Number of protein chains: 2
Amino acid sequence: MLCHPTCLRQPPNAGRRGAVPDRAMWQNRAVRQWCRAATCERSPSGGDPVASLRDVAARANVSFQTVSKVLNGKGAVAPATRQRIIEAAEDIGYIPNALARSLQSRSSLTLGVITVDFSNATPALSLVGIEREARQHGLSVILSSLEPDGSDCVRYLRVLMERRVDGIIMNAPAAEEDEEVGRLLRAGPPAVSLHDIAGGGVPLVTAEPEATAALPIRHLIALGHRRIGVVTGLQQRHSAQHRTAVYREVLAEHGLPYDPLLVEDGSWEVEGGYAATHRLLDRASGITAIYVQNDLMAVGVLNALHERGLSVPGDCSVVGCDDHPVAARTIPPLTTVRMPFADAGAAAVRLLLERIASTSPKDVVLPVSMVYRASTASAPASRAARN
Amino acid sequence: MLCHPTCLRQPPNAGRRGAVPDRAMWQNRAVRQWCRAATCERSPSGGDPVASLRDVAARANVSFQTVSKVLNGKGAVAPATRQRIIEAAEDIGYIPNALARSLQSRSSLTLGVITVDFSNATPALSLVGIEREARQHGLSVILSSLEPDGSDCVRYLRVLMERRVDGIIMNAPAAEEDEEVGRLLRAGPPAVSLHDIAGGGVPLVTAEPEATAALPIRHLIALGHRRIGVVTGLQQRHSAQHRTAVYREVLAEHGLPYDPLLVEDGSWEVEGGYAATHRLLDRASGITAIYVQNDLMAVGVLNALHERGLSVPGDCSVVGCDDHPVAARTIPPLTTVRMPFADAGAAAVRLLLERIASTSPKDVVLPVSMVYRASTASAPASRAARN
DNA sequence: CTGTTAGCGCATTCAC
DNA sequence: GTGAATGCGCTAACAG
């Protein structure tokens with residue numbers, strides 16, 4: 001029931017192909033021949049004339065509607081005719097035109113994704129999850145990636161609407177405050193998002209926001225750390241803001257003071273983490289642990305610490321976030337929070353399918369978990385690390 | 001002239017929108033209202049009835065053909081009529097149907113990409129480059145990513161053909177030996193590839209294959225290293241094979257022997273690099289440098305070396321490949337070869353556009369360059385590292 | 001069982 | 001200047 005409406009007549013996960021035996025038969029050969037429609041004399045101007053239903057019909061001496069029936073396994077057709085048609089389709093190298101089909105069926109079997117630049121592993125993982133899940137439901141993915149400033153999101157939304165996508169998945173933190181985007185997503189085709197949408201009204205897939213920050217902070221506090229530095233992601237982003245807020249709350253829960261001097265923006269990037277760490281240690285003393293809001297920045301943090309001759313975790317513990325593939329082999333291997341990026345992508349597709357099925361589904365919250373490795377240890381006896 | 005045929009009437013980089021003033025005028029408002037076609041009484045069964053040219057026409061008291069003209073800035077239309085039509089389009093929230101347009105124009109302004117799983121940064125970078133360049137040419141990207149085994153590439157090709165993409169970009173090393181894929185790409189819609197295609201006949205975009213391996217090896221030899229270990233990518237891949245072959249050649253050029261014991265498969269992954277290094281050092285002695293065929297594996301290599309108490313570059317130098325974002329902040333920062341992934345993606349799109357313009361264009365070869373950082377140094381005086 | 005009639009939404013050609 | 005006719009390739013409903 002998670003399947004796209006127009007898929008419903010077919011077995012799940014079969015997409016559009018393979019479901020109908022006849023179709024499976026002819027398409028294997030057909031696919032090898034793109035425009036070998038030699039029997040197709042009508043060649044409108046320049047472009048490759050690709051075989052159409054009519055061409056198949058002509059070759060099989062039937063009307064093209066009958067061909068349509070056979071190739072879609074719909075109405076009843078005489079076995080002999082059916083056979084002729086299938087052979088004709090194979091011979092001619094017929095490949096159905098999804099555009100025309102969509103025009104008629106009012107469903108493009110296509111899903112639009114608007115994503116933050118995915119050079120970084122984490123959005124890429126979500127995208128991989130989306131694409132895989134979509135594919136398994138027989139949906140194609142149209143990809144639009146945003147420039148860092150997140151402007152022209154509205155333009156891409158429009159393109160997706162023009163292409164009549166059946167649904168939209170947003171993975172664009174840069175657009176989370178854009179009211180116009182919010183309006184469009186509420187008024188346009190069904191949508192779900194991996195990040196907040198201004199004005200709400202769009203189903204969300206998130207990873208336990210509280211735990212994501214609370215787990216690592218509690219871990220550090222349990223190890224005896226009292227002055228915990230924070231290297232944040234872009235501070236405009238809700239997720240970064242929220243994680244920092246949770247950091248404050250957990251500190252408060254344990255009766256620890258909040259010191260704004262301990263918080264620095266690392267902008268999600270390796271170099272940002274590196275620079276933020278130096279700034280942090282230059283101006284604040286007594287830091288024995290650093291909470292880094294993603295693993296990429298943590299790589300920079302480890303490097304900066306190393307440059308300063310501080311050992312990890314001896315002098316300073318480090319906790320990351322994401323469980324990026326490199327986290328397992330940094331020096332030392334990074335204690336971090338495992339985030340379910342690929343799962344979130346897949347969940348988003350399923351949620352979108354529910355949304356398309358006209359219900360107004362509930363948000364999905366995915367669990368996160370700690371991965372304990374070697375970058376964290378008890379706070380050093382002397383409470384002030386040398387820095 | 002690098003622009004897609006159907007773009008030619010419009011200024012480059014304008015895509016389909018913004019080129020025609022009139023169009024720019026009405027689409028701003030129109031985009032805010034998806035199915036607000038309240039004036040549209042015909043509601044065929046269930047789906048959202050979206051406003052069409054006819055609806056706009058009805059509201060403006062003209063024929064829909066005239067609306068088409070105005071909205072595309074084609075034929076001459078009376079200013080008053082034009083104005084009425086534009087307002088009607090705005091009011092009604094008209095959004096053109098790209099499917100119908102493509103059906104008619106025989107060009108979907110769409111480009112299919114078949115890519116290896118892009119969880120890793122390098123294929124993701126190429127994809128980002130492709131998407132950005134495509135977008136700037138007004139083309140949408142349909143994304144299909146392959147499972148690691150690279151099977152069912154043929155299936156995805158077929159889907160792209162059904163969707164009548166204007167061209168295909170392959171970034172699928174896993175399919176480089178697949179004859180069927182080669183045949184399809186030669187017979188089907190215009191295609192270019194970032195990796196070899198079985199049987200050739202498809203324009204290629206590559207990064208100087210010789211230099212990619214020769215540069216780092218020469219660097220190490222110049223530093224006095226004579227026993228240079230190699231951690232390769234998946235050895236089935238042409239690129240891995242070729243880099244290893246070049247390694248041999250450069251060795252030979254310098255009169256150094258080739259020792260197969262010095263070569264280990266790291267399968268492109270962090271953990272692979274880690275494991276390969278341990279295997280290498282367990283069985284071969286005297287290694288003072290390791291050539292790693294990508295930076296991700298190099299992270300694992302550095303970790304393994306560190307585990308064994310070997311200092312980098314004191315005991316053992318390490319050279320990577322790619323200039324992955326983390327390479328600048330590994331411990332120590334990694335000397336590596338900078339690969340132009342994003343550029344390659346962009347170049348592939350431009351090459352594809354040439355290819356579509358019916359010429360049979362030449363392959364593109366992009367330059368690579370060394371990035372010298374701290375992981376390489378002169379070979380230690382005692383020729384055998386302790387391991 | 002098969003072919004006919006009717007669109008889907010749009011662009012193009014040609015009358016008026 | 002404008003609209004009527006035609007067709008893109010396909011699916012759906014009904015007629016024969």
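A note on names: the letters A, B, ... follow the listed sequences, proteins ahead of strands, and every chain is numbered from 1. Note that the structure is predicted; figures quoted are calculated from it, not measured. Side chains are part of it too, since the values below use all heavy atoms of this structure and drop only hydrogens, waters and symmetry mates.
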Q | Side chain of B:Val62 - closest among D:dC8, D:dG3, C:dA11 | A | D:dG3
Q: Measure the distance from CG on A:Leu109 to C1' on D:dC10 and round it to the nearest whole Å.
A: 14 Å
Q | Side chain proximity check, A:Ile85 to A:Thr66, heavy atoms < 4.5 angstrom | A | yes
(Q) Testing the basics here: between A:Arg101 and A:Pro96, what is the closest heavy-atom pair and its distance to 0.1 Å? (A) NH2-CB, 3.4 Å
Q.
I need the CZ-C1' distance between B:Arg101 and D:dG9, as an integer number of Å.
A. 18 Å
(Q) Would you say B:Thr110 and A:Arg163 are linked by a side-chain donor-acceptor pair, where the criterion is simply a distance under 3.5 Å? (A) yes
Q: Report the residue (A:Gln65 or A:Val77) whose heavy-atom-nearest nucleotide on DNA chain C is the more 5′ of the two.
A: A:Val77
**Q.** Spacing of B:Leu53 atom CG relative to D:dT2 atom C1', expressed in whole Å
**A.** 15 Å
Q. Can you find a side chain N or O atom of B:Arg82 that sits less than 4.0 Å from OP1 or OP2 on D:dG1?
A. no
Q: Report yes if a side-chain nitrogen or oxygen of A:Ser63 is closer than 4.0 Å to either non-bridging phosphate oxygen (OP1 or OP2) of C:dT2; otherwise report no.
A: no
Q | Contact under 4.0 Å: A:Lys74 side-chain N or O vs D:dA12 OP1/OP2 | A | yes
Q: Return no unless some side-chain N or O of B:Thr66 is found under 4.0 Å from OP1 or OP2 of D:dT2.
A: no
Q.
Pick the closest DNA chain C nucleotide for A:Phe64 and for A:Thr81 by heavy atoms, then say which residue is nearer the 5' end.
A. A:Thr81
Q. CZ of B:Arg54 versus C1' of C:dC10: gap in Å, rounded?
A. 9 Å
Q: Take atom CD of A:Glu162 and atom P of C:dC10, then tell me their distance rounded to the nearest Å.
A: 10 Å
Q. Nearest of D:dG7, D:dG3, D:dA12 to any side-chain atom of B:Gln104?
A. D:dG7
Q. Which part of the nucleic acid does A:Ala78 contact within heavy-atom distance under 4.0 Å: base, sugar-phosphate only, or nothing?
A. sugar-phosphate
Q: Would you please confirm or rule out a distance under 4.0 Å between OP1 or OP2 of C:dC8 and any side-chain N or O of A:Arg106?
A: no
Q: Give a yes/no on whether any side-chain N or O of A:Asn97 is located under 4.0 angstrom from OP1 or OP2 of D:dC8.
A: no
Q) Can a donor-acceptor pair be found between the side chains of B:Ser144 and B:Arg155 at a distance below 3.5 Å? A) no
Q. Would you say B:Pro189 and B:Asp166 make side-chain contact, with heavy atoms under 4.5 Å?
A. no
